[in-house]
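Note that these values count all heavy atoms, side chains included, but never hydrogens, waters or copies made by symmetry. Index from 1, following the sequence.
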Amino acid sequence: EVQLQASGGGLVQAGGSLRLSCVASGFNIDDYTIGWFRQGPGKEREGISCINSSDGRKDYSASVKGRFTISSDNAKNTVYLQMNSLKPEDTGAYYCSAGPSWVAAALGTAAGAHEYDYWGQGTQVTVSS
C-alpha cells in the first residue's frame, strides 16, 4: 500500500525555522517526483518545491526560493523540507505528494496537484508575527 506520512509542522515565530519530513512506504522515492504543496487559509493549494532524488533535480516556487531547501534520504525513503526565515504568509497546511518521475524536470513547481498520484495527510505550519 502506498503511503506518505508528513510531519514536523508546528507553531513558530516569524524568522524561525521548521523541518518537515515526508516518509514514504509502498514505493521507492527515487522512482517518483516528490512534491511539497501548501494551502493557506482561503487560498488554493500551491506547489512550493519538488525533487527527483534519482537525478537530483529540484525546484522551488518564487515564494520560497532562497528560504526553503528540499532534500532526500533514499535509504530512509524520506524527503525533507527545511524551512528557514519563516513568514506569517507561510502559514498553512503542508502536504507531500508523489507523482511521475518526469514531473520535476518537465514542470517543476508549475505542476498542478492533478499531476500527482499520491498524497499524505498534511501537517500544519503556523507562523506568528
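- Expressed to the nearest 0.5 Å, how far NZ of Lys65 lies from NZ of Lys58 amounts to 12.5 Å.
- With a 4.5 Å cut-off on side-chain heavy atoms, Ile48 and Tyr60 do not count as touching.
- Proximity of Met83 to Leu20: side-chain heavy atoms (C-beta onward) are separated by under 4.5 Å at one or more points.
- In the hydrophobic clustering of this structure, Val79 does not group with Phe37; members are Ile, Leu, Val, Met, Phe, Trp, Tyr whose side-chain heavy atoms approach within less than 4.5 Å, directly or through other members.
- The closest side-chain donor-acceptor pair between Thr78 and Asp73, if any, does not fall under 3.5 angstrom.
- In this structure, Asp90 pairs ionically with Arg67, as a charged nitrogen and a carboxylate oxygen lie closer than 4.0 Å.
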**Study point:** From CA spacing to verdict: side-chain contact (heavy atoms from CB on, under 4.5 Å), Gln82, Ile70
**Key:** CA-CA 6 Å; Gln82 177 66 43; Ile70 194 169; over 6 Å; no

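- With contacts defined as side-chain heavy-atom distances shorter than 4.5 Å, the pair Val127/Glu89 does not qualify.
- Interatomic distance, Arg38 CZ to Ser61 OG, rounded to the nearest 0.5 Å: 6.0 Å.
- Hydrophobic clustering, with ILVMFWY side chains joined whenever heavy atoms are under 4.5 angstrom apart, groups Val2 together with Trp36.
- In this structure a side-chain-to-backbone donor-acceptor pair under 3.5 Å is present from Asn77 to Ala24.
- Rounding to the nearest 0.5 Å gives a distance of 11.0 Å between CD of Glu115 and SG of Cys50.
- Using a 4.5 Å cut-off between side-chain heavy atoms of Ile, Leu, Val, Met, Phe, Trp and Tyr, with links allowed through other members, Val64 and Leu107 fall into different hydrophobic clusters.
- Using a 3.5 Å distance cut-off with no hydrogens or angles, the side chains of Ser17 and Asn84 do pair a donor with an acceptor.
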Review point. Checking side chain to side chain donor-acceptor pair (under 3.5 Å) for the pair Ser53/Asp30: CA distance, chi angles, key distance, verdict?
Key: CA-CA 5 Å; Ser53 57; Asp30 55 2; 5.5 Å; no

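- When each of Ile34, Leu81, Ile29 is tested with Ile51 by the rule side chain to side chain contact (heavy atoms under 4.5 Å, CB included), just one qualifies, namely Ile34.
- A donor-acceptor pair under 3.5 Å links the side-chain atoms of Thr123 to the main chain of Gly9, judged by distance alone.
- There is no path of hydrophobic side-chain contacts, each under 4.5 Å, that joins Val23 to Val125.
- A continuous path of hydrophobic side-chain contacts links Val103 to Tyr95 [ILVMFWY only; heavy atoms under 4.5 Å].
- With a 4.5 Å cut-off on side-chain heavy atoms, Gln5 and Cys22 do not count as touching.
- Gly35 and Tyr116 make their closest contact through N-CE2, 3.7 Å (heavy atoms, listed as atom of the first residue, atom of the second, distance).
- Across all their heavy atoms, Leu86 and Leu18 have their closest contact at CD1-N, 3.9 Å.
- Ser63 places a side-chain heavy atom less than 4.5 Å from the side chain of Glu46.
- With 3.5 Å as the limit, one finds no donor-acceptor pair spanning the side chains of Tyr80 and Arg19.
- When all heavy atoms of Pro100 and Thr33 are compared, the pair lying nearest together is O-OG1, 3.1 Å.
- Side-chain contact check for Asn52 versus Tyr32: every heavy-atom pair is 4.5 Å or farther apart.
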